[in-house]
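Reading through the structure tokens given below for one structure.
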There are 2 protein chains.
Amino acid sequence: MARLNLLRFSPFRLNRLAAEFSGALAEDYARFGIDIPEWRVLATLGLHDGPRSAAYVVRCTRTHKSRISRAVGHLAGLGLVERREDEADRREIMLALTPAGRAIYAELVPLLLAREERLLAVLDPGERREFERLLGKIEAGLGLMRCDEEP
Amino acid sequence: MARLNLLRFSPFRLNRLAAEFSGALAEDYARFGIDIPEWRVLATLGLHDGPRSAAYVVRCTRTHKSRISRAVGHLAGLGLVERREDEADRREIMLALTPAGRAIYAELVPLLLAREERLLAVLDPGERREFERLLGKIEAGLGLMRCDEEP
DNA sequence: ACCAGATGGTTGCGGATACAACAATCACGG
DNA sequence: CCGTGATTGTTGTATCCGCAACCATCTGGT
């Protein structure tokens, strides 16, 4: 009978690895009272200078719009993100980091990059590049690449 | 100011990829009325011939024991798994697949392996091996490898 | 100009999850 | 032999998540 070793089954391994990575990062941004989807909003807004719509954040993070909506609500309550109606299209709500939000972003990014570095420290630079290349190839095969259809 | 592109950030990429893989596999076992943690229980019990304790399943799948407990409850309700008190240690409850459970396992495994194959189809055999080697190296670095402390 | 359909965003709700408290059992030291 | 602490598994509870329904607004065809 065909058998399947869960420990060598890629979907399980990716799930477990992703959970492990997420848990490690949570230690960093939990200190600021935010969680994963909220961090994703900060990261998306922090990468650009101008404001972006919520729909853009949804496309870019591949996160459900209800989750983004609630994350933005929380971030706005913390004074880290500002919502402003777009005058051209009054359905859209433009999101921008406040100075406080930008300060937290600037403080958080080096911590998270250092954390990533530690998680991948067992790979030498060549392996690291190869791992990222293979990730990209799998993503491309699944059609996960394009997000940045700039508005 | 240091910036961080979410799309090149390994924790985010792994999260996204794991979600994509899980979603793809869900199509397969949803047909049998089971979900991810329930499939993990089946997979753990199916890999061995004899029964295993719930604690063993917890260690092997790295899933929270309450999740395993409820998954086992559901599987028992479906008649796929049988619970039996261990006589030596009456705290432990030994779990075993019923004939129906083993039949579903046998039917499910080829489907899931084929699905994995399709998800990784963009990689040629060498890349596939290298990807799995790198996954293993990262797992080892995080201490995720040992689960199979055989009871 | 108008109406049908598409899009952006919020919210109610059912279901799932994790955390912690709990009961039952075992192991070990005195 | 007793009792303290650890281990196994279940359950209560508060929270989170996604689906879908919903409102508001825009677009395009006629």
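Since the structure is predicted, the reported quantities are computational estimates derived from the model, not experimental observations.
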Taking salt bridge (charged side-chain N to carboxylate O under 4.0 Å, His left out) as the test, write out the residues that go with B:Glu85, two or more places apart.
none
When rounded to whole Å, the NE2 to P distance for the pair A:His74 and C:dG9 reads 20 Å
For B:Asp89, salt bridge (charged side-chain N to carboxylate O under 4.0 Å, His left out) partners two or more places apart:
B:Arg91
Cluster overlap A:Met94 with A:Tyr105, hydrophobic side-chain contacts below 4.5 Å
no
List, with names and distances, any nitrogen or oxygen atoms from the protein found under 3.5 Å away from nitrogen or oxygen atoms belonging to nucleotides 13-20 of chain C.
| from | atom 1 | to | atom 2 | distance (Å) |
| --- | --- | --- | --- | --- |
| C:dA18 | OP1 | B:Arg67 | NH1 | 2.7 |
| C:dA18 | N6 | B:Arg70 | NH1 | 3.3 |

How long is the span from the CZ atom in B:Arg40 to the CD1 atom in B:Ile34, to the nearest 0.5 Å?
12.0 Å
Would you please name every residue forming a side chain to side chain contact (heavy atoms under 4.5 Å, CB included) with A:Leu113, sequence neighbours left out?
A:Val109, A:Glu116, B:Leu4, B:Phe9
With sequence neighbours left out, the residues meeting side chain to side chain contact (heavy atoms under 4.5 Å, CB included) with B:Arg70 are B:Ser66
Per the under-4.0 Å heavy-atom filter, residues of residues 18-25 of chain B near DNA chain D come out as none
Without decimals, in angstroms, what is the distance between A:Arg90 CZ and C:dG8 C1'?
14 Å
Going from CD on A:Glu27 to CG on A:Leu112, what distance comes out if it is rounded to the nearest 0.5 angstrom?
11.5 Å
Under the rule for salt bridge (charged side-chain N to carboxylate O under 4.0 Å, His left out), what residues qualify as partners of B:Glu92, not counting sequence neighbours?
none
How would you list, by chain and number, every residue that makes a side chain to side chain contact (heavy atoms under 4.5 Å, CB included) with B:Ala54, sequence neighbours excluded?
B:Leu95
At a heavy-atom distance below 4.0 Å, which nucleotide of DNA chain D is the first touched by chain A, and which is the last?
D:dC17 to D:dC26
Rounded to whole Å, OH of A:Tyr56 lies from P of C:dG9 at a distance of 14 Å
Salt bridge (charged side-chain N to carboxylate O under 4.0 Å, His left out) involving A:Glu130 - partner list, sequence neighbours excluded:
A:Arg133
Any residue meeting side chain to side chain contact (heavy atoms under 4.5 Å, CB included) with A:Ala100, in chain and number order, not counting sequence neighbours:
A:Leu80, A:Thr98
Polar atom pairs (N or O), protein with nucleotides 1-7 of chain C, under 3.5 Å:
| from | atom 1 | to | atom 2 | distance (Å) |
| --- | --- | --- | --- | --- |
| C:dT7 | O2 | A:Arg91 | NH1 | 2.9 |

One thing to verify: whether A:Arg128 and A:Glu132 come together as a salt bridge, which I'm taking to mean a side-chain N less than 4.0 angstrom from a carboxylate O.
yes
Would you compute the distance between atom OG of A:Ser53 and atom CG of A:Asp86 and round it to the nearest 0.5 angstrom?
8.5 Å
